[in-house]
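One structure below.
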Amino acid sequence: MAQFSRMLLPLLLAAQTGLAAQASPLPPLSFLGFEAGQPLTAVGRQVEALGGRGLRCKTAKRDRAVVECRASVLDSISRRSVDLWLSAMDSAAGVLTLSSPLSGVELDAWRSGLEHAFGVVDAAVQGPQWMLQWVRQGQMLRLTWRVDRGEKVASVSLVDGYVLDTWGRSREKTAAGRRATGS
């Protein structure tokens, strides 16, 4: 029995090592080079790389811990202008949305690119709006489209749950501190 165990152990270790090598980490959810949770400096660099004039940011009126930013970039495939807006907490993009009117061919290019990168998912339909969604490692990417005045309008949203959760906990602590001091 001991001899069998000595022969079996190297085989099990080899199999385990082989499985670990095959289980490579999944790529982060991204679109047009933007990722959920990306630092604002990296977002700004990507805006410039896509022909944008820079990220315009301002502190949110309702919560001074939130920075709201906007920009326009150029989709290198369709050559269309894409509007970008994001909400950042602690200089990280918690929610980043890219939106543009698209032709059917351009929408298919966005969709097939996302499916090629992250896998095929079923579309959900709610009224006139269609949606594909990918979730992994606390992040979400959602492609949404609808027909508006005869034109397809599509958006891709990137959401980082960790950034939002951290911001939510800090808001709760601030609110609890105000209640405790009566302010």
Side-chain angles (χ1 to χ4, degrees), residues 25-103 106-107 109-119 121 123-124 126 129-146 148 151-175:
L26 296 170
L29 296 173
S30 64
F31 185 69
L32 296 180
F34 297 101
E35 294 179 20
Q38 201 170 27
L40 282 179
T41 54
V43 172
R45 284 192 302 272
Q46 186 62 17
V47 165
E48 290 175 10
L50 293 175
R53 290 202 172 99
L55 210 50
R56 299 173 308 280
C57 298
K58 62 181 182 180
T59 303
K61 292 178 183 175
R62 293 199 70 177
D63 188 335
R64 311 239 358 114
V66 177
V67 175
E68 297 172 339
C69 303
R70 293 187 173 270
S72 289
V73 299
L74 197 60
D75 179 350
S76 60
I77 295 170
S78 70
R79 308 305 298 162
R80 284 203 187 240
S81 178
V82 177
D83 293 326
L84 175 147
W85 61 94
L86 68 86
S87 294
M89 299 82 183
D90 292 325
S91 298
V95 179
L96 185 147
T97 300
L98 298 142
S99 179
S100 181
L102 299 174
S103 70
E106 293 162 342
L107 175 59
W110 279 21
R111 179 180 181 163
S112 64
L114 291 168
E115 289 177 334
H116 177 74
F118 308 118
V121 294
Q126 187 173 11
Q129 187 165 287
W130 292 68
M131 176 194 75
L132 299 174
Q133 180 172 290
W134 295 263
V135 178
R136 68 168 63 140
Q137 300 166 344
Q139 296 182 332
M140 185 218 31
L141 184 149
R142 179 181 292 163
L143 169 63
T144 307
W145 68 95
R146 68 184 186 294
D148 187 23
E151 187 171 46
K152 287 183 179 162
V153 178
S155 66
V156 172
S157 297
L158 296 155
V159 179
D160 189 289
Y162 176 76
V163 171
L164 295 178
D165 288 347
T166 302
W167 169 65
R169 283 191 292 277
S170 70
R171 285 182 51 118
E172 289 172 1
K173 286 180 186 176
T174 302

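Remember, it's a predicted structure, so these values are computed and weren't measured experimentally.
Trp130 CH2: 12 or fewer foreign heavy atoms inside a 6.0 Å radius. Heavy-atom contacts from other residues, nucleotides or ligands closer than 6.0 Å to CG of Asp165 number more than 12. Under a cut-off of 6.0 angstrom, the local environment of CD in Glu151 is crowded, with over 12 non-hydrogen atoms contributed by other residues, nucleotides or ligands.
Looking only at atom types and distance, the side chain of Thr97 has a donor-acceptor partner in the side chain of Ser157 under 3.5 Å away.
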Side chain to side chain contact (heavy atoms under 4.5 Å, CB included) between Val95 and Leu164: does it pass, once the steps are laid out? CA-CA 8 Å; Val95 179; Leu164 295 178; 4.1 Å; yes

Set out, in order, the CA-CA distance, both residues' side-chain angles and the distance that settles side chain to side chain contact (heavy atoms under 4.5 Å, CB included) for Met131 and Arg142, then state yes or no. CA-CA 7 Å; Met131 176 194 75; Arg142 179 181 292 163; 3.0 Å; yes

The test is side chain to side chain contact (heavy atoms under 4.5 Å, CB included); show your working for Met140 and Gln133 and say whether it passes. CA-CA 7 Å; Met140 185 218 31; Gln133 180 172 290; 3.3 Å; yes

Under the side chain to side chain contact (heavy atoms under 4.5 Å, CB included) rule, what do Gln139 and Tyr162 come out as? Steps first, then yes or no, please. CA-CA 8 Å; Gln139 296 182 332; Tyr162 176 76; over 6 Å; no

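Minimum heavy-atom separation, Leu141 to Leu29: N-CD1, 3.7 Å. Looking at every heavy atom in both residues, Trp134 comes nearest to Gly119 through NE1-O, 2.7 Å. Between Glu115 and Leu132, the closest heavy-atom pair is OE2-CD1, 4.0 Å. Contact detail for Ser99 and Val153: the closest heavy-atom pair is OG-CG1, 4.2 Å. For Trp110 against Ser100, the heavy-atom pair with the smallest separation is CH2-CB, 4.2 Å. Closest non-hydrogen pair, Asp160 versus Val163, comes out as OD1-N, 2.8 Å.
Here the NZ-OG distance, from Lys152 to Ser103, works out to 8.0 Å after rounding to the nearest 0.5 Å. The CD atom of Gln126 sits 13.0 Å away from the CZ atom of Arg146 when rounded to the nearest 0.5 Å.
Side chains of Val67 and Lys58 form no contact here, defined as non-hydrogen atoms less than 4.5 Å apart. No side-chain heavy atom of Leu114 sits under 4.5 Å from any side-chain heavy atom of Arg111.
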Quiz: residues 31-56 side-chain donor-acceptor pairs under 3.5 angstrom, not counting sequence neighbours:
from: Gln38; atom 1: OE1; to: Glu35; atom 2: N; distance (Å): 3.1
from: Gln46; atom 1: NE2; to: Leu32; atom 2: O; distance (Å): 2.8

Throw together a table of side-chain donor-acceptor distances under 3.5 angstrom for residues 76-88, partners on residues two or more places apart or in other chains.
from: Ser78; atom 1: OG; to: Asp75; atom 2: OD2; distance (Å): 3.2
from: Ser78; atom 1: OG; to: Arg80; atom 2: N; distance (Å): 3.2
from: Arg80; atom 1: NE; to: Pro101; atom 2: O; distance (Å): 3.4
from: Arg80; atom 1: NE; to: Glu106; atom 2: OE1; distance (Å): 2.6
from: Arg80; atom 1: NE; to: Glu106; atom 2: OE2; distance (Å): 3.3
from: Arg80; atom 1: NH1; to: Pro101; atom 2: O; distance (Å): 3.3
from: Arg80; atom 1: NH2; to: Glu106; atom 2: OE1; distance (Å): 3.3
from: Asp83; atom 1: OD1; to: Ser72; atom 2: OG; distance (Å): 3.2

